[in-house]
Each structure stands twice: as C-alpha cells, then as structure tokens.
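To start, the structure itself, in structure tokens.
Since we're looking at a predicted model, the values are computed, not measured. Numbers here simply count residues along the sequence, with the first being 1.
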Amino acid sequence: MPTLRVRPLYAALVCMFAAAGASAQEAQSLPEVSITAKGYQSDDAETPISVGNVDRQQWLDRGAANVGAALRGLPGLSVTSDGAQGQNPVIRGLRRESIVLMVDGMRMNSAQPAGAIASFMSLGLADRVEVVRGPASVLYGTGALGGAINVILPQARFEPGLHVRAGAQFDSASSGLRGSAVANLSEGDHALMLGASAANLGDYRAPDGRVGLTGYDSDSLIGQYRFRIDASQQLRLSLQQHVDRDVWYPGSAKPGTPPALGTVTVHSPEQKRQLAEIGYRRSGSGDRPLNFDARVYHQTVERQINAFASALGRDQTDTHVSFDTNGVDLKADWLAHPSHLLSFGINAWRMEASPERYLNNNPPLFNNHVRNDPFADGRIDAAGVWIQDDMRFGSLALLAGLRHDVVRGEAASMSNGAVTSGLSRTDSANSGSLGAIWEVSPLLRPYANVSRAFRAGDMRERFEASPRGDGYFYVGNPQIRPEVATQFEVGLKGSTGNVHYTLSTYRTRITDFITGRVTGAVQSGLPVKQTENIGEAVLRGVEALARWQFQPRQWASIAWSQVRGWNRDIGEPLFQMPADELTLGWEGGLADGWSADAALRLVRRQDQVATVFSRGTEDATAGFATADFGVSYRWRQQRVRVALLNAFDKPYHEHLAEGLSGQEIRAPGRSLLLSWQGSF
C-alpha cells in the first residue's frame, strides 16, 4: 500500500469501528478514504475528484437490499428501476451503459435488457460501496463516461483466531427477511474468509395496496484464502456466487404486439453471477517502495430472460444467455520521489455471449416455439495501458493520468443468422485526466479537474434487434463508434474533526452520442429506431454534501443534487433526467448505548422531459417528500435498531421508475424495519 499522504491511523480506526459496528456519528468523525478514486487508498479530502462512499451500517440502517437502493440520496446519484430487484444506479444523469460496475475492482460485464446488473453484486455481504462521479476511463477503460461504482467485499485477514460478523433484518412492507454472516479464521501464514447471505422478500406494500411481482429470493456465497509467502508477498484465491430466483420486472409491462397476447412482462426465473480470481500481491519497503498486484479472473453472468403474456397465461418468449468474461489486471504503484507517487498498469478482458431465444409467434395459438437468436458468438475484447502521477508540492496536490485502449467487437451472425458480414469493428481511444487541489486550510480546499473518457458500444447496441422501453424497436449497429465525454469540474472540499463538506459544479459534453434515429420503418408492429452516433449531449450539474457536529455526539447533514441534460441533436432535454433533490438529516446520541436519527428527503417536480425522443411516453413526475426515523441501541459488540421508513406513508414514484405513463412502479409505503448486527 503506498505511503504518500495516506494516514495509516485513519485506516486502522475505520477498520476497528467497522469490526465493532460503530455508530454512524462515531464513524462520521473520521476522514473518509477511497480506493476507487486513485486505485489505492487515499483521503477523499485530498483528492481532486468527486467521490462518494457508503458503508455497511448506512445502507443497513436504511433497509437497502441492493446497490441502487444503497446509493439513493447520495449527491449526484439516482436510481432507475423496473422492479424491486431491478434498481440501476445513475451517476450524474448517465445510466448503466455509461457506468463501470466492479466488485473488488473486477468489472462486471453484461448487456442487460431488463433488471439491474448492480443487483448481482452481493451487497448483503459487502463492507463498503465506493463511487467515482464523472469520467473515469483512465483507470477503468471503456464505459466509464459517468463514473465507476466499486462494491468492496470482506477480505481474508491475518488476525489470529476466529472472528465472526452476523446480522439479520425484517421489514414489514415486503414481510422480507434478510440475514448474513462472515467468518475470518487465521493461523500463522494462512487466512480464510467465508461469507453467506440470504434474502426472502415478498411483494411489497405501497400506500394504496400491494405492488404485484416485486418479491424475489436471493442468496450469496463468498470465500477467500490468503497465503503469506513472506512479510511482503501474498497469494490469494477468491470465489463469489450470487443467485436471484423468481425475479419479475413490473416496470417492463407493455401491451403485447399483437394485442391478443395481452400484457407482456419480463421476468427471470433464475439468474446467477459466479467469479473466480487468483491473485498475487507484493508490498514494497524502504524509502521508495514499489507495490505490485496481479490477478486473473473468470466471471459468468447467467440469465433466463422470459416475457410472460397475460392473455396466454404463459411465456411468449424465453431467452437463456451467459455473459462470460476472462480478464487480467496488472498494476503497480511506486513512490519514485517524495513528491511523486506513480501508478501504472495493464488490464485486458474478453466478454463472450451467444443468446438462445425462442418465440411463440404464430397467432392465434402462439405455440410454435421457434428459435430466433438475436446474435451468435458475440465477443468484445478490450485492452488498455495507463499511467498516473499523484504529485504533492507543499499545499498543492496534482493528479494526472493517461490511458490508451483498443476495443474490438465482433459476432458470427445477427438477426437469427440473417446477417453474417460487417459484424467486426476495432476502435482505439485515448483517455486523460488532470486535477488539482489546494489546501488553503483543512476547511478550505478548492479543486478543479478536466477529464476525458470513452464508451464503445455494448453487445446489445452492436448486435441485437429488439423492442425497448420507449416504445420503439431498436436495430443494432455493429459499426457504432465510441462515445467520447469531456468534463470540466470545479469545487470545494473541507474536513476537520466536526465538519465535512464537498461542493462541486460540472459540465460534461458527450460527442458521437449513441442513441436511436427514427427511420420511419415498422418492425414487429413497432416503429424502428436505428442505433447510431447521431449527435451531441451536454450535462450540467451542482452537488453538495455537508455534515456538522453542532454538539457533542450530535450531527446534522445536508445533501443536494441538480442535473440538467440537453440532447443537442433533437433540441430537447435528455431522456429521463433525475429530478432535483435535497436530503436533510440528524443523528445523535441520547444516552449510554442509545442513539437516534431522522432524515427528510425532498424531491422536486420533474417536468423537463424528452417528448420527441420518447414519442410522448416520458411524462412529468410530481414532487414528493418522505421521512425516515430510527432508534438504535448498542451494547458491547451488538446493535439492535428499530426504524420507520416512509413514516407518513407517502404515495410516490421516482421519475426514473420504468412503466407506462401513469402506471409507473409505485415505491414502498410505510415500513417498520427491525435489525440486529453483531460481531464475536
């Protein structure tokens, strides 16, 4: 681990409090650190990048069951949803295609027609979720236009003996039960970590009744073994598995084509993520340490994606697909000079998929079950090399990085074998970033950064022809060019023992914007959009977060987000931009072992909608306010909590909720949350 400007005491304290299940007000008195922003541990207040972090206790206190829900309310973060499981994070108005999702720094690759790939990330076992807001291709390559999200799972530790962390939770809205346990066993040069979690969630209750098809089951297993070769070298083997069962996406429900199908709703009987990693780490020593980490990994995201037709009482289509990724990451950091911490690396991955799809498309029986694969033997190869210099000159810190990538996409055929030529394309791209932060005082640290990122088309955009949620039939384009985003951001940061804050404003320009062009044709009863690079998009936003300890053990907080997006090709707002929102919070100690908290979330009416692009299907969404209250009690290493979420049973839906106009997914109503967390 690099030593430049990293404060080991802070990291040790964070780990100590996490292991003991420290209260939120205790944890907030410590500076926040991030691994994802620079690729190694660094103090957020000394980083000229917008970062956000959520620890385990925070999302457990809010009853979050997936990554999207855990990040909701964080400045610059919002969620698009098509069901209880399908909660996709959105960073600064950019959706899942423009965000790199990672578990322990290993990216998750997939092309999702429904649901949330982020919900495969084993949140029930995680320690922390870190977010980089804004272009992050220097470290993470293609896809990081909007930023990166990294879910950090427990690691095997060389702590003698057996240590166990466990917890359980119940919420009344879904009658849902969740539980998890993580054990760490170490002796000598061997360390073993094992973890398991499970959830059983029913259809949740909204203020006006149950929301059908929102229940599902899930479970996760993780394990890691570490062998200490000597004081500076380690080997590791990591295994992960997450499974969801009987998942429905009610936001996908649409009238069937033809109408004899009734309402058609996408669902997944089972979906699974499995990962295996082998890694080697060497920690340097001396005045100019060189640290090195290498890993190879294989990851599979396997899904059944079916479309249920209500008039038939059975599936009209069924699809089975496995996205298989093999990857290698090599990275190092070197304290070349007391003022220069250099980091550099090479990473490469290959994702392969060949979906099998069967259609029942012979009215009036709809029972022919013919195979109609969207594409065959699809493959995306990506490789990149990067270098970054973390510089310090007195009170001025600079962070500069460069990267070069080559991305190739190809398939054997598309449109059920009808197209077999012109399916290969190779692109190269350069990414860069330059940021500066000046410590005038601990509470006044102005910063600025400029960054460039890119996104090559995913498999779905390249090869698949299918209906989408905006009512069009999209036709893939194997020759799609990469999008390129350039962002300029300025802001302020500050952190002391009792005050922490960030304030930023940014402008992002995306060229070769990948979207759909209306062709005037009709396919499968729907108007056609051809996937193309048709223009330019611009996003502007403001974000603020502050926490203040105004009395001993008493904290107040405020979070604010605003983003505006403009489609310059059409001359209207970008499709589905998040609404402005403000969250006010308080948390504090009441008596020995007792603490309480309250949060008020205020979301503004969103009437900046894309009427042309969406053919009038994006409607304005009313503003709303929700309030949450909680009380916690701690003794030794045990903690119990009672909370009331959406305490006033406010009926609402998020603007980014999927669904037909006026029939969007309703959010859960009032819910009693009971939880226990403990360590032994």
Please indicate whether E159 has more than 12 foreign heavy atoms, meaning atoms of other residues, nucleotides or ligands, lying under 6.0 Å from its CD.
-> yes

Charged N to carboxylate O under 4.0 angstrom, D61 versus R641?
-> yes

Between D333 (side chain) and F292 (backbone), is there a donor-acceptor pair under 3.5 Å?
-> no

Would D293 and R236 pass as an ion pair if we require N to O under 4.0 Å?
-> yes

Counting distance only, does the side-chain N/O of Q169 pair as donor-acceptor with the main-chain N or O of L60 below 3.5 Å?
-> yes

Value for CD1 (I152) from CG (D55), rounded to nearest 0.5 Å, stands at 11.0 Å

Between the OG atom in S238 and the CE atom in M106, the distance rounded to the nearest 0.5 Å is 6.0 Å

Do we get R547 above Y501's six-membered ring, with its NZ or CZ under 6.0 Å from the centre and within 45° of the axis?
-> no

Decide, yes or no, whether a salt bridge links K272 with D244 under the criterion of side-chain N to carboxylate O below 4.0 Å.
-> no

Looking at E658 and R95, does any basic side-chain N land under 4.0 Å from a carboxylate oxygen?
-> yes

Greater than 12 external heavy atoms within 6.0 Å of I278's CD1 = no

Starting at CZ of R601, measure out to CG of L584 and round the result to the nearest 0.5 Å.
-> 12.5 Å

Verify, without hydrogens or angle tests, whether S81 (side chain) and Q87 (backbone) share a donor-acceptor contact under 3.5 angstrom.
-> no

Closest non-hydrogen atoms of G73 and T583, given as atom of the first, atom of the second and distance, are O-OG1, 4.4 Å

Between V67 and M121, is any pair of side-chain heavy atoms under 4.5 Å apart?
-> yes

Will you find, in the side chains of Q677 and R165, an N or O donor that is under 3.5 Å from an N or O acceptor?
-> no

Residue pair W586 / Q554, side-chain heavy-atom distance below 4.5 Å = yes

Mind telling me whether H190 and F227 have parallel, tilted or perpendicular rings, with 30° and 60° as the class edges?
-> tilted

S174 and R205 side chains, donor-acceptor separation under 3.5 Å = no

Hits for ring pair (Phe, Tyr, Trp, His ring centres under 6.0 Å) against Y633, two or more places apart or cross-chain, chain-then-number order -> W594, W635

Between the side chains of W676 and Q638, does any donor sit under 3.5 Å from an acceptor?
-> yes

Output for pair (Y204 OH, I665 CD1), nearest 0.5 Å, gives 6.0 Å

Other residues, nucleotides, ligands: >12 heavy atoms within 6.0 Å of R604 CZ | no

Could you pull out the closest heavy-atom pair between F648 and A627, with the gap in Å?
-> CE1-CB, 3.7 Å

Checking side chain to side chain donor-acceptor pair (under 3.5 Å) for the pair S232/R282: CA distance, chi angles, key distance, verdict?
-> CA-CA 5 Å; S232 63; R282 181 186 183 279; 4.9 Å; no

Under 3.5 Å, is there a donor-acceptor pair linking the side chains of S50 and R92?
-> yes

Under 3.5 Å, side chain of S175 to main-chain N/O of D171, donor-acceptor pair present?
-> no

Judged by atom type as modelled, is there a donor-acceptor pair below 3.5 Å linking the side chain of N200 to the main-chain atoms of D217?
-> no

What pair of heavy atoms forms the shortest contact from N498 to W555, and how long is it?
-> O-CZ3, 3.9 Å

Heavy-atom donor-acceptor pair, Y297 side chain to T325 backbone, under 3.5 Å | no

Once you round to the nearest 0.5 Å, how far does CG of N53 lie from CG of L71?
-> 10.0 Å

Sole candidate of D44, D43, V131 that passes side-chain contact (heavy atoms from CB on, under 4.5 Å) when paired with S34 | D44

Assess whether atom CG of D592 is packed by more than 12 heavy atoms of other residues, nucleotides or ligands within 6.0 Å.
-> no

Does P75 reach the side chain of W560, with side-chain heavy atoms less than 4.5 Å apart?
-> no

Would you mind checking if E302 and R273 are paired as a salt bridge, meaning a charged N to carboxylate O distance below 4.0 Å?
-> no

Side chain proximity check, E664 to P250, heavy atoms < 4.5 angstrom = no

To the nearest 0.5 Å, how far apart are OG in S679 and CZ in R636?
-> 12.5 Å

How close do A181 and L125 get, heavy atom to heavy atom, and via which atoms?
-> O-CD2, 4.0 Å

Could you check if a side-chain atom of K38 sits within less than 4.5 angstrom of a side-chain atom of T47, using non-hydrogen atoms only?
-> yes

Do the side chains of V54 and L74 get nearer than 4.5 Å, heavy atoms only?
-> yes

Heavy-atom donor-acceptor pair, D203 side chain to G215 backbone, under 3.5 Å | yes

Which pair of non-hydrogen atoms, one from N66 and one from A84, has the smallest distance, and what is that distance?
-> ND2-O, 3.2 Å

Which class fits the ring pair H242 and F120: parallel under 30°, tilted 30 to 60°, perpendicular over 60°?
-> tilted

Should the pair F624 and Y652 be assigned to parallel (<30°), tilted (30 to 60°) or perpendicular (>60°) ring geometry?
-> parallel

Does the K493 side chain pair with the main chain of P48, one donor and one acceptor, at a distance under 3.5 Å?
-> no

Q304 side chain to E270 side chain, donor-acceptor N/O pair below 3.5 angstrom | no

Taking C-beta and beyond as the side chain, do D127 and Q155 meet within less than 4.5 Å on heavy atoms?
-> no

Y280 and Q234: side-chain donor and acceptor closer than 3.5 Å?
-> no

Compare all side-chain heavy atoms of L582 with those of D580 and state whether any distance is below 4.5 angstrom.
-> no

Going by distance alone, is a donor N or O of one side chain under 3.5 Å from an acceptor N or O of the other, for R226 and Q224?
-> yes

Consider only side-chain N and O atoms of R666 and T214, and report whether a donor and an acceptor are under 3.5 Å apart.
-> no

Verify, without hydrogens or angle tests, whether R96 (side chain) and L101 (backbone) share a donor-acceptor contact under 3.5 angstrom.
-> no

State whether E130 and R128 are salt-bridged, where the test is any N-O pair (Lys NZ or Arg NE/NH1/NH2 against Asp/Glu carboxylate O) under 4.0 Å.
-> yes

Closest contact, heavy atoms only, G223 versus L194 = CA-CD2, 4.1 Å

Main-chain N/O of R107 paired with Q299 side-chain donor or acceptor, under 3.5 Å | yes

